[in-house]
Amino acid sequence: MNAHADPLRFPPGFVWGAATAAYQVEGSPLADGAGPSIWHRFSHTPGRVRDGDTGDVACDHYRRYPEDIALMRSLGLQSYRFSIAWSRVLPEGRGRINQAGLDHYARVVDALLEAGIAPNITLYHWDLPAALDDRGGWLNPDIADWFADYATLMFRTLGDRVPLWSTLNEPWVVADGGYMHGVLAPGHRSAFEAAIAAHHLLLAHGRGVQAFRASGARGQIGLVVNLEPKYPASHSPADLAATLRAEAYMNRQYLDPVLRGTHAEELAEVFGEAWPAPRPAEQMAVIREPIDWLGVNYYTRSVVRADESAWPQRASAVPQRGALHTETAWEVYPRGLTDTLTWVKNRYGNLPIYITENGSAFFDPPSAEVDPLPDPLRTQTLHKHLAAVHAAIGAGVDVRGYYAWSLLDNLEWAHGYSKRFGLLHVDYATQRRTRKASALAYAAVIAANAL
Ligand SMILES: OC[C@@H]1[C@@H](O)[C@H](O)[C@@H](O)c2nc(CNc3ccccc3)cn21
């Protein structure tokens with residue numbers, strides 16, 4: 001809270017939430033008839049995840065969600081963004097339905113509604129059913145049908161009472177991490193596969209939106225993308241061109257097809273021989289199925305220079321020495337959030353935006369000896385990014401809400417449990433939750449709807 005100057009007030013009805021993802025928090029990956037996901041396989045593959053960490057227990061959120069919802073309520077959270085583990089409800093990803101999995105998520109939704117917290121459901125947050133990966137996963141063109149069938153099942157089950165839905169979380173990370181560089185599940189390393197996966201992710205998104213419209217579900221559906229503004233290291237032609245390639249590869253690769261019906265022109269240069277022939281017009285039309293809102297995940301920016309050795313975009317980030325960096329080595333750069341939001345408005349129009357993830361990993365001890373647990377760097381970083389959102393709103397961007405990443409310390413993918421993003425500290429030895437000071441700072445902003 002800004003104790004001296006006039007408070008920065010947010011619009012009436014601005015939605016304040018927090019976010020998680022199934023594989024990072026739930027634990028019990030095979031409970032009650034669930035099938036394995038590619039992240040269950042990946043984390044159990046030696047060498048893939050730091051310290052051999054897995055999601056077998058995580059935050060035990062699958063069982064402890066009533067306690068966690070009570071904590072959300074105590075902080076005054078108005079919405080909770082979480083994901084469905086596809087292989088809990090369809091153990092093989094298609095066909096046979098696991099009613100126990102559907103019943104679990106219905107209980108979570110009803111408990112949230114009972115607590116006055118609006119569910120915001122992500123259908124896909126990286127944990128593809130392993131059985132679908134055995135059929136090619138995101139490389140199989142049939143996955144758009146598989147995803148649409150899964151989405152339809154969820155809309156029929158929960159569509160009467162869930163106000164916000166998104167199809168995919170960060171398709172760029174799925175393709176770049178899972179298929180281009182191989183650092184995330186399923187761990188492939190091929191530009192050809194990355195381009196194919198990217199197209200099928202876009203097709204699946206569009207088919208998911210069509211399924212939402214056909215299901216008659218209430219609420220609104222969107223797409224969640226990670227955006228990282230790219231600033232040229234110099235005004236040299238080489239650096240300017242590299243910056244455009246980096247921006248096209250991360251920031252425009254998915255938004256241009258979904259919101260403009262075209263592909264960023266630099267992608268043919270970035271992917272080279274791996275870039276496919278122009279896609280059929282009817283597929284581009286599916287991809288462009290109109291969405292109701294856009295989810296923006298923001299963490300940092302990058303300052304870009306030309307780098308012929310950096311594959312595939314031939315551009316690399318210039319370290320910003322002297323700036324505050326997080327434990328994930330991301331520069332803290334709140335102005336980048338304002339710039340990103342105004343960039344979206346100027347390029348794609350003023351569609352409703354939710355900041356679906358924003359947060360920071362700074363060191364917290366494994367066990368919390370005091371409540372609240374001091375976390376000054378995370379608290380100041382939170383305040384600065386909320387001020388950046390306020391600035392974007394003041395510039396006319398239609399930002400509807402903000403979700404802190406994350407509600408809980410959790411499994412940070414290949415980093416294991418070594419990076420803590422939570423507003424709530426988790427002692428993994430005891431599963432005890434402890435509020436961090438940033439949680440109380442966030443609660444004060446929510447209570448005042450002002451900074
Ligand atoms: O790393 C923090 C979170 C992660 O826990 C979420 O599951 C995921 O949605 C998420 N996306 C980003 C930003 N995008 C990104 C960029 C490069 C590598 C990995 C993630 C950060 N985060």
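Scope of the values below: all heavy atoms of this structure, side chains included, with no hydrogens, waters or symmetry mates. Indexing begins at 1, ligand by ligand and atom by atom, following the structure's order.
- Shown here, atom 18 (C) of ligand 1 is out of close reach of the protein: none of its heavy atoms lies under 4.0 Å off.
- Judged purely by atom type and a 3.5 angstrom limit, S367 has no side-chain atom pairing as donor or acceptor with the backbone of D427.
- Using a 4.0 Å cut-off to heavy atoms of W126, the atoms of ligand 1 that qualify are 8 (C).
- Counting heavy atoms closer than 4.0 Å to ligand 1, residue N169 contributes side-chain atoms (C-beta onward) but none from N, CA, C or O.
- Distances between N or O atoms of E170 and those of ligand 1 include at least one value under 3.5 Å.
- When each atom of ligand 1 is checked for a heavy atom of H125 under 4.0 Å away, the hits are 6 (C), 7 (O), 8 (C), 9 (O).
- Protein heavy atom closest to atom 15 (C) of ligand 1, with residue, atom name and distance, is V173 CG2, 3.8 Å.
- When heavy-atom distances to ligand 1 are checked against a 4.0 Å cut-off, K419 has no atom that comes that close, whether in backbone or side chain.
- Ranking the protein heavy atoms by distance from atom 9 (O) of ligand 1 puts E357 OE2, 2.7 Å first.
- Using the six-membered ring where Trp is involved, H40 and H44 have ring planes that are tilted, between 30° and 60° apart.
- In this structure, the side chain of T300 does not engage the main chain of V332 through any donor-acceptor pair within 3.5 Å.
- Geometrically, R301 engages Y333 in a cation-pi contact, judged by NZ or CZ lying under 6.0 Å from the ring centre and within 45° of the ring axis.
- The single protein non-hydrogen atom nearest to atom 21 (C) of ligand 1 is Y299 CE1, 3.1 Å, given as residue, atom name and distance.
- Heavy-atom proximity to N226, at under 4.0 Å, picks out these atoms of ligand 1: 14 (N).
- Atoms of ligand 1 lying under 4.0 Å from at least one heavy atom of Q24, given by number and element, are 5 (O), 6 (C), 7 (O).
- Atoms of ligand 1 found under 4.0 Å from any heavy atom of W330 (numbered from 1 in listed order, with element): 1 (O), 21 (C).
- No cation-pi contact links R378 to F421, judged by a cut-off of 6.0 Å to the six-membered ring centre and 45° from its axis.
- Evaluation of the salt bridge (Lys or Arg N to Asp or Glu O under 4.0 Å) test over residues 121-136, restricted to residues two or more places apart or in two chains, returns R41-D134.
- H390 and F10 have perpendicular rings, their planes meeting at more than 60° on a 0 to 90° scale where under 30° would count as parallel.
- By the 4.0 Å heavy-atom criterion, H415 is excluded from the residues contacting ligand 1.
- Taking the six-membered ring where the residue is Trp, W413 and Y23 present parallel rings, their angle staying beneath 30° rather than reaching 60°.
- For E265, there are no salt bridge (Lys or Arg N to Asp or Glu O under 4.0 Å) partners, not counting sequence neighbours.
- Neither the backbone nor the side chain of Y23 has a heavy atom within less than 4.0 Å of ligand 1.
- Relative to the six-membered ring of F14, R400 misses at least one condition, a distance below 6.0 Å or an angle of at most 45° to the axis.
- Near E412, with a cut-off below 4.0 Å to any heavy atom, the atoms of ligand 1 are 1 (O), 2 (C), 4 (C), 5 (O).
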